[in-house]
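If you're wondering where the values come from, they're calculated on a predicted model, not measured in any experiment. Note that ligands are numbered from 1 as they come in the structure, with each ligand's atoms numbered from 1 the same way.
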Amino acid sequence: MSLLLKNATYIDWKTLDFSRKNIIVREDDTIQLLSIENDDIILPDTEVIDCKGRLVTKSFGVGHHHAYSALARGMPAPKKIPRNFPEILQYIWWTIDKQLDPDLIELSALVTAIECALNGSTFVIDHHASPFSVTGSLEIIAKAFEKVGVSHLLCYEISDRDGMVIAGEGLDETDSYLADHPGLVGLHASFTVGNETLGRAVELMHRYDSGIHIHVAEDQYDQDMCAGEHGKRVVERLSDAGVLWSSKTILVHCLHLDDSERELISNSPVWVSENCESNLNNKVGHFKGAGLGENIMLGTDGMHSDMLQSLRAAFFAGQPHDTISFDSAYRRFRNVHRYLAENGFKGDGENNLVVLDYDPPTPITKENLTGHLLFGITSAHIRDVISRGRLIVRNRKITTVDEHEIKKESRKQAERLWKQISHL
Ligand SMILES: [Zn+2]
């Protein structure tokens, strides 16, 4: 079935040109822009959405997410209060991920996909960890995302932190998932991945023509451990291992880098994912784009699923620490599409759109759109969302799954998870 968006104000996400259009949206990755003079078009088997007075533009994508952390929202504080970044991982995230079982993984993915869709994101690059439920975990997440109608690029977070058997399971899960699906080879971070696991991950990357998705220098701790154990800096170590070879590789955070590491990154085809709200929350430092080149995209790091919020956060947090302008903030926000297109990943074509119910108090034009995105438009203005030509959010409601039932179940499962953790 096709969709017809009638009388829309269409904003081309690349040129920012505004035009009044009737838009035919198809499921074959294409849209057709027609003059609004064609008011009498009648198409068979087509749902019509009245977009008069509304803005229509390309939907958004998340450049780094952790669906597995979805049920942590509001959970009781850990018994030991973390004093630094390694303790945050140990007392919070590595406590949760060890408890995840197939039901919790599925619910986490469903609620994440729902929130992504409602907030206008139709593509998610996710990084998953469930060390005591590794096998089959990626397939569960893929199915949950597809049920909601959100496209995905998944990976399992391989790590030696729970022992070599579990590291091996992570490698095997990656191997079997990549045999049937596009995806990435996930690694936690340099400081929890020894040389053997790193080498095997890079082998998988080459075997499947994939990329590595890894946290890099999120805290100074990562650099200190690397210097102590390997006698080199993190990016140097990854570069020596061949991680920077692939344009599909995503280096997440990249806070504590020296100039030579920035140069290694900017001279390579890899991508950097900025997640500044997570950095602020963990008190690990501030992102600086200087010297990293143009391949910078934005993520949420599992904090939420609202990319308009990530855009604003990158802009505001960047004011004292980064060189970020209205235009470069918008480029980073939209770069996820370039990453996906240049690497040939499917699911992010032009038939992914958001309809915004935004009635601005000031004129909105090609010249000032970025100002409206930073200071006016929020996810509350998102009315409809179209993913791969399908209407997955209609009038602010998910059309593909029963959101109410899923949330009811996820609250139950979250309570179970919190109880399990409270015994530890
Ligand atoms: Zn992360």
Side-chain angles (χ1 to χ4, degrees), residues 61-73 82 84-98 100 105 108-109 112 115-116 121 123-131 137-138 141 152-159 161-162 170 174 183-193 201 211-223 225 234-235 238 243 248-257 270-287 296-307 309-310 313-314 317 332 335-336 339:
V62 186
H64 177 69
H65 209 328
H66 295 288
Y68 84 83
S69 69
L71 303 186
R73 191 185 304 175
N84 51 42
F85 177 66
E87 289 185 358
I88 290 173
L89 294 177
Q90 211 180 328
Y91 301 163
I92 301 175
W93 303 115
W94 296 350
T95 302
I96 288 179
D97 69 16
K98 284 189 187 66
L100 297 178
I105 294 167
S108 302
T112 299
E115 296 204 337
C116 286
S121 282
F123 204 109
V124 175
I125 302 174
D126 193 74
H127 200 261
H128 171 69
S130 53
S137 57
L138 296 181
I141 299 168
H152 51 80
L153 185 65
L154 307 181
C155 71
Y156 186 82
E157 179 182 300
I158 302 161
S159 170
R161 67 175 181 259
D162 299 301
T174 304
L184 297 173
V185 180
L187 288 170
H188 169 248
S190 167
F191 68 95
T192 71
V193 175
I212 300 281
H213 185 177
I214 180 172
H215 298 109
V216 172
E218 181 173 1
D219 187 78
Q220 181 58 35
Y221 181 79
D222 199 12
Q223 290 290 6
M225 293 294 283
V234 172
V235 177
L238 297 177
V243 170
K248 293 171 183 165
T249 284
I250 301 172
L251 309 181
V252 184
H253 298 303
C254 291
L255 300 190
H256 300 272
L257 303 184
V270 306
W271 286 77
V272 170
S273 176
E274 172 188 355
N275 297 263
C276 67
E277 289 163 290
S278 164
N279 303 149
L280 291 167
N281 183 46
N282 289 332
K283 294 189 236 172
V284 286
H286 303 284
F287 181 81
I296 301 172
M297 58 181 165
L298 304 181
T300 65
D301 206 19
M303 300 262 299
H304 55 75
S305 297
D306 182 347
M307 287 308 296
Q309 184 174 322
S310 289
R332 288 183 196 178
N335 264 345
V336 63
Y339 167 83

Metal proximity, [X] vs the Zn ion (ligand 1), N/O/S cut-off 2.8 Å:
{"X": "H253", "result": "no"}
{"X": "H127", "result": "no"}
{"X": "H64", "result": "yes"}
{"X": "D301", "result": "yes"}

Inset, instruction - Report yes if the side chains of S305 and T300 come closer than 4.5 Å at any heavy-atom pair, otherwise no. - result: no
Inset, instruction - Could you grab the distance from atom NE2 of H65 to atom CG of L153, nearest 0.5 Å is fine? - result: 14.0 Å
Inset, instruction - Quick one: pull up CG in L184 and CD1 in I125 and give me the separation to the nearest 0.5 Å. - result: 7.0 Å
Legend entry - Residue pair D222 / H256, side-chain donor-acceptor N/O under 3.5 Å: no
Legend entry - Heavy-atom donor-acceptor pair, Y68 side chain to H127 backbone, under 3.5 Å: no
Legend entry - Rounded to 10 degrees, the angle NE2 of H66 makes with NE2 of H215 at the Zn ion (ligand 1): 100°
